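On a predicted model such as this, the values are computed, not experimentally measured, just so you know. The sequence lines fix the lettering, A, B, ..., with proteins before strands; numbering per chain opens at 1.
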Amino acid sequence: METTEYGIVYAVHIISVQFGTVVSKVCECLLRRGPLSSRDISRLAKSEINHNQVKDILYLLIQHNCVQAFSIEPPDGSESKATVQYLVLLSNILHRGRYNKFSRVVNEELGSQCGAVLDGLLCNGRLTLGQLIERDQDSEKPIGSEVIKDSLQKLVAARFVERIPSPEPVLANKEQEPAKKRGPKAAKILKEPETLEERVLEAATPVETIRFPLVFEQDSNSSIADNDNNITEGKRKQRDVDLSPTSNEVIWRPNFEEFIRRLRHKVCVEIVKERRDEGCAIVMRAMLEVGRSQEKKVKTDKSVPMSVGSIYEEVIKTEAGRTMLQERVEAYLDQLCASSSYLPAFVIEMDSSYIVDFKSIISVAQKDEMEAVVMRRYGKEAFRMFRYLSQEGRFVETDKIADAALTEKKDTPQILLKMWKDSYLHMQKFVVTGGGSGYASFLLWKVNKLIVTRQMLDEMYHASLNLSLRLTHEGDSEKELMMLSSKILKNTSDGALKERVKKVNAKRMLLSASRFKLDDAMMLFHDF
Amino acid sequence: MSKRKRPEPKLTGRDPNEAHEKKLLDFIRSKQGTGATMYELKADKTIPPTMFTRLVNSLKKKGLIKDVPTMNNKGHKHFLAMEFEPDKELTGGEWYTDGTLDVSKIEDLKAKCVMILERHRHRVVTLDVMCAYFVKEEKLSEDQTKEILKNLVLDNLIIEVKSTGMNEFASTRIGEVCYRLTGKKSGNGEARAGAFASIPCGACPHIGLCSPGGAISPTTCVYFQKWLDF
């Protein structure tokens, strides 16, 4: 999905809070104008940021995985060199606001020691094993280099940590590629054209065996050390922004893709538990575990097919499913495959295999979010109209909507117009000219899910920004209070002061908790 | 001395205005249930414009036409011949009385539906049973009952399901249309509360005007202030 205005504003705010306004200016430049070279960035920043500063800022943003450098092969016969450009990764910037969720996933699955190693990578963006060990040695409670190495191996094995991508992948010049003749079969399988970001990330990502090595050593002579021979073909060249460590150690970073996948799976299980029952949720969790390693991309619509046997084997591994019989599992699968006017099927049965329909499960939660907003913002009658139009999935005339929703015909256009002004409805005017002097015009209305999704996402970014700004404002307005040490506040007998502290803390808690939950909703529409 | 009321004169053909009245009456009759507005009547240029109101009032007095307010615009009346009933486009339909939607009647019927379903919380109620109740007790038609039920589905208070003949559907025919309440207590799961809807910005009609540092901003917003004042 194209970046929305408040997506950009929110991302710039995140960078500004964490790295300062100068860094955020470079980030904003890339977000609004697309990929640029470092020279272009300094030119556009005018006198504010010089070229050396721009390079330092780009180094910082690359270090923290917010920017990826790349270049495009010059055309054949051209004498010009490939210019390095910088692509901002909006998703990775937004992930910076949810590092605590990623930490929780690792702490729950692999334990606190792995959690500590991951926290190091999240704080610093990317580190070598040596740097992780150094960091541990400087900490208050070091856990030792062997534990660090062991934890890192576990994180890599679980795909939570990956080797950094290629620093400056070279993309083929698309204009030069000969037009491929498509056979009849190829013509049927229509693949959506890749965006530039997808091409860059695909070119930068190393092959699986290098990205997640099974065995790794700290040794700089190791065959899998981060030198160009292992990541990109071709001669080692002088990079625009050089990030390579002096010791040629492997550099590691968090693998955001895997965290988003886990969170997506977690939310699917939650939705199944809310809408079906605990038993169905246990079976769903098992299915997701069976299919996880074969998921090619995070936003996959459907899982791979799996047999009842493989699902059952996974179910009985869990504490909750240990005593379940296969017949019970089959009954839960039947429930998951059932659809009604109320709920779509969550699982598809095909040739005695079962497929998880991710798109269908996520759509239920997306629908709940949309309808909740419509109800709160526009009222009960608008809610009925919105649900009616969502079900119809086509353009419907005003009076017909009023009849279906049982609302006053003369009030219906105003309610629909309010939703239309905020892009929650799509509208078309239809004019019918009569034989005589007259003509009649009709307004037709429709819920366009793509448009509503985009609008909601933009508003959620806006709301998340508002919550952050309000949180800062609440802190600033009680600065003196916050500066008093907690010991003094604990021992004071001043009831009014204690009350003030309690109130400020409660407000901050509410704002933080709301931002946390809103982020889950944002992931529903953007990442899942 | 009391005056005896003269009988209403019928169109005899002798009054010169009668020709105009007949013309108007024929035009109004041709419109059947949709009727004719004064604007449409005045399109006839053979009748002097100043006479229309008098002619229409005369036809009304003679009991030949009636006026019906439209539910879209009560200021404009439609004139119908007495033998015709106004179309749905004029009155709004069965749920309209004098051009106004009978909201309290609709809400009352919906509440009764929900009450019936609450009594059968762990089972389903068939469409036939609902129709039988409302036709007998509330004098509704089957179509009107279906409209009320569809409206409750849109309110997300009930769901429409088709019988499988098993479990809670054991006493119903396979494929029969049934209804049950939504919500956890009825075993149908609950819609999520909506994370975005539960903060002030989700409900705010002015979110498009809000910006950091603007006239409406998160630091000055009254909705935020109310929300945080606890």
With a 4.5 angstrom heavy-atom cut-off, could you sort out which part of [X] is near chain B: side chain, backbone, both or neither?
X	value
Tyr378(A)	neither
Ala463(A)	both
Ala402(A)	neither
Gln391(A)	side chain
Ser390(A)	neither
Lys503(A)	side chain

Check salt bridge (charged side-chain N to carboxylate O under 4.0 Å, His left out) between [X] and all other residues, then give those that pass, not counting sequence neighbours.
X	value
Asp108(B)	Lys112(B)
Arg515(A)	none
Glu176(B)	Arg173(B)

Interface moiety of [X] toward chain A, non-hydrogen atoms closer than 4.5 Å:
X	value
Glu40(B)	neither
Ile207(B)	both
Cys204(B)	backbone
Ala43(B)	neither
Ser217(B)	neither
Lys110(B)	side chain

With distance as the sole test, does [X] use its side chain to make a donor-acceptor pair with the main-chain N or O of [Y] at under 3.5 Å?
X	Y	value
Asn466(A)	Pro218(B)	no
Glu369(A)	Ala195(B)	yes
Arg377(A)	Gly202(B)	yes
His462(A)	Cys201(B)	no

Ser514(A) to Ile199(B) - nearest heavy-atom pair and separation: CB-CG2, 3.7 Å
Non-hydrogen atoms of Pro212(B) and Leu469(A) that approach each other most closely: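 The pair with the smallest heavy-atom distance is CB-CD1, 3.7 Å.
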Close side-chain approach of Lys409(A) to Tyr96(B), heavy-atom, < 4.5 Å: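 Yes. Closest side-chain heavy atoms under 4.5 Å.
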Residues of residues 131-145 of chain B with any heavy atom under 4.5 Å of a heavy atom in chain A: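 Heavy-atom contacts from residues 131-145 of chain B to chain A are absent.
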Pairing of Arg384(A) and Asp155(B) as salt bridge, 4.0 angstrom limit: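 Salt bridge present between Arg384(A) and Asp155(B).
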Spacing of Thr100(B) atom OG1 and Lys410(A) atom NZ [to the nearest 0.5 Å]: 6.0 Å
Most contacts with chain A, counted as non-hydrogen pairs under 4.5 angstrom, among Cys210(B), Pro205(B), Ser198(B): Cys210(B)
